[in-house]
Amino acid sequence: MIDTYDILVVGGGVNGTGIVRDAAGRGLKTMLCEKDDLASATSSSSSKLVHGGLRYLESYEFKLVREALREREILLAIAPHIISPIRFVLPIEKGMRPAWTLRLGLFLYDHLARRRTLPGTNSLNLRKGLQGAPLKDVYRKGFEYSDCWADDARLVVLNAVDAQARGARIESRTKCTALKRGPDMWTATMQPISGAQYDVQASAVVNAAGPWVDELLGLMGRPANRNHLRLVKGSHIVTRRLFEGEHAYIFQSPDGRVIFAIPYENDYTLIGTTEREWKLSRGEVKIAPDEIDYLCETISHYFRQKVVPDDIIWTYSGVRPLYDDSSKSASVVTRDYVFDLDDGNAALAPSLSIFGGKLTTYRKLAEQAVDRLSEYFGDVGPAWTSTRPLPGGDYDPAGTKALIAGHAAACVWMDPADVRRMTLDYGTRFQDIVGDAASLAEMGRRFGAGLSEREVEYLETHEFARSPADILWRRTKLGLHMTETEKQAFKDWYAPRMRSTGVQSR
């Protein structure tokens, strides 16, 4: 007996999990498959920002910026534990964009969409206060504006968690290896990382494979690049914390791009990003030496403290699957998204392929994707995701500090830093992990940096974690905080669990 679904979504990034959540919540029977871990590629390799995209105003992408600014407010409200406001400092650099141009852009940024909670732009005297302290003396004036920081990988996972709670089937580490199309149904062949392959059927298929969207089009029997895909690699570096304060910086680069310096995981600074053309045939996606030099030189141009490659603690790179709008430079390729809906002139089961998009607009993209497919189904519920919190986010967005304090009062035996970290990761589901534990000993084995056996079991049971990398780098970022000895000990302890499932540590 073959399982049958209304919609099969291929791709476990932010767009795919957003779509499967939206569809499940509207009453559609849905399934998602992902060949690796959820958020294991592009969606865990972003600059960790939910933002309008200030620099896109230069390309006159007012519609994209307006939509992103609206979504910024929505996402802040539905996921306050993993998304938080952050103020960006923009120093005025002589010889680059003049102050009046920057101020005009920031005025538009403040007013293109309604701001409910975030403060507007301020002018700054960089000779005073924390904002100017790490900068060279040449920088005297600047601006400060609002955007939001996000835990990108957790955003993906929480969409999948909620989708499953609403009846969706989530199959990570399961590759779609064949797609056969009929007039009413698609038949898809699934190959789990361990176990026998099997078939499922679906009335519609969503191609949310990101950088592999063309590969999936090939499985569908369609030519690639009907809507041209342009792959752009972005790389980031992480150093020890370079400045005090909770604000971030946005710096202009001589090549016209901008570079962010963002407080990261309390003790670090995240710097990025680069942008260069990429082909999947080049193999492993990783930072190149000249990208490291570019980021270090750009940051060192602004900060008193020179940043050199030896200061780097960690790097990561990802490939953005952008819609090719024929821009000459990778840095100005549109971040808007395009749908390719094909139903064979109403004679065949439909498919919807997603080109482009960005982290901030994933929810709206998902909503519109399900809207487009709803015409093929009878009784489909209305759009709903703009007001329903993601798992753990069901509290007043202004109450994060109070939530942390409440958890700390209930768990006085736990390190306050661990309480804070777990609250920001899990929100109101903090207690689901702690359960009836009344001491650290009752949390099970301790692996370092606050990670406990009980938390690991929660991530396996509820958040699809299957490897040390899933846990240390995507569900949490504790890999940054653990020693090499602690990380190796955790991998050794976890190895028998992986052998039982055939999972590789990726």
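For Arg497 and Tyr494, the positive end sits near the middle of the six-membered ring, less than 6.0 Å away and at most 45° from its axis. Geometrically, Lys358 does not engage Tyr323 in a cation-pi contact, judged by NZ or CZ lying under 6.0 Å from the ring centre and within 45° of the ring axis. Cation-pi geometry between Arg72 and Tyr109 is met: the NZ or CZ atom falls under 6.0 Å from the ring centre, inside 45° of the normal. By the 6.0 Å and 45° rule, Lys35 stacks over the aromatic ring of Trp212.
At a threshold of 4.0 Å, the pair Glu457-Arg454 does not count as salt-bridged, since none of the basic side-chain nitrogens sits closer than that to a carboxylate oxygen. Using a cut-off of 4.0 Å between Lys/Arg side-chain N and Asp/Glu carboxylate O, Asp152 and Arg474 are scored as not salt-bridged. Using a 4.0 Å cut-off between a side-chain N of Lys or Arg and a carboxylate O of Asp or Glu, Glu265 and Arg421 do not qualify as a salt bridge. A salt bridge does not link Arg420 with Asp415: every distance from a Lys NZ or Arg NE/NH1/NH2 to an Asp or Glu carboxylate oxygen is 4.0 Å or more. By the 4.0 Å N-to-carboxylate-O rule, Arg240 lies too far from Asp311 to be salt-bridged with it. With respect to Arg363 and Glu71, a salt bridge is recorded, a charged nitrogen being found less than 4.0 Å from a carboxylate O. Residues Arg475 and Asp425 are not paired through a salt bridge, judged by the lack of any N-O separation under 4.0 Å between the basic side chain and the carboxylate. A salt bridge links Arg230 with Glu277: the closest approach of a Lys/Arg side-chain nitrogen to an acidic carboxylate oxygen falls below 4.0 angstrom.
Phe251 and Phe303 have their aromatic ring centers within a separation under 6.0 angstrom. For an aromatic pair to be called close, the ring centres must be under 6.0 Å apart, and Phe62 with Tyr56 fails this.
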| request: Take Glu484 and Lys487, measure what salt bridge (Lys or Arg N to Asp or Glu O under 4.0 Å) needs, and give me the verdict at the end. | output: CA-CA 5 Å; Glu484 292 302 318; Lys487 284 184 281 190; 2.9 Å; yes

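Judged by distance alone, the side chains of Arg87 and Ser146 do bring a donor and an acceptor atom under 3.5 Å apart.
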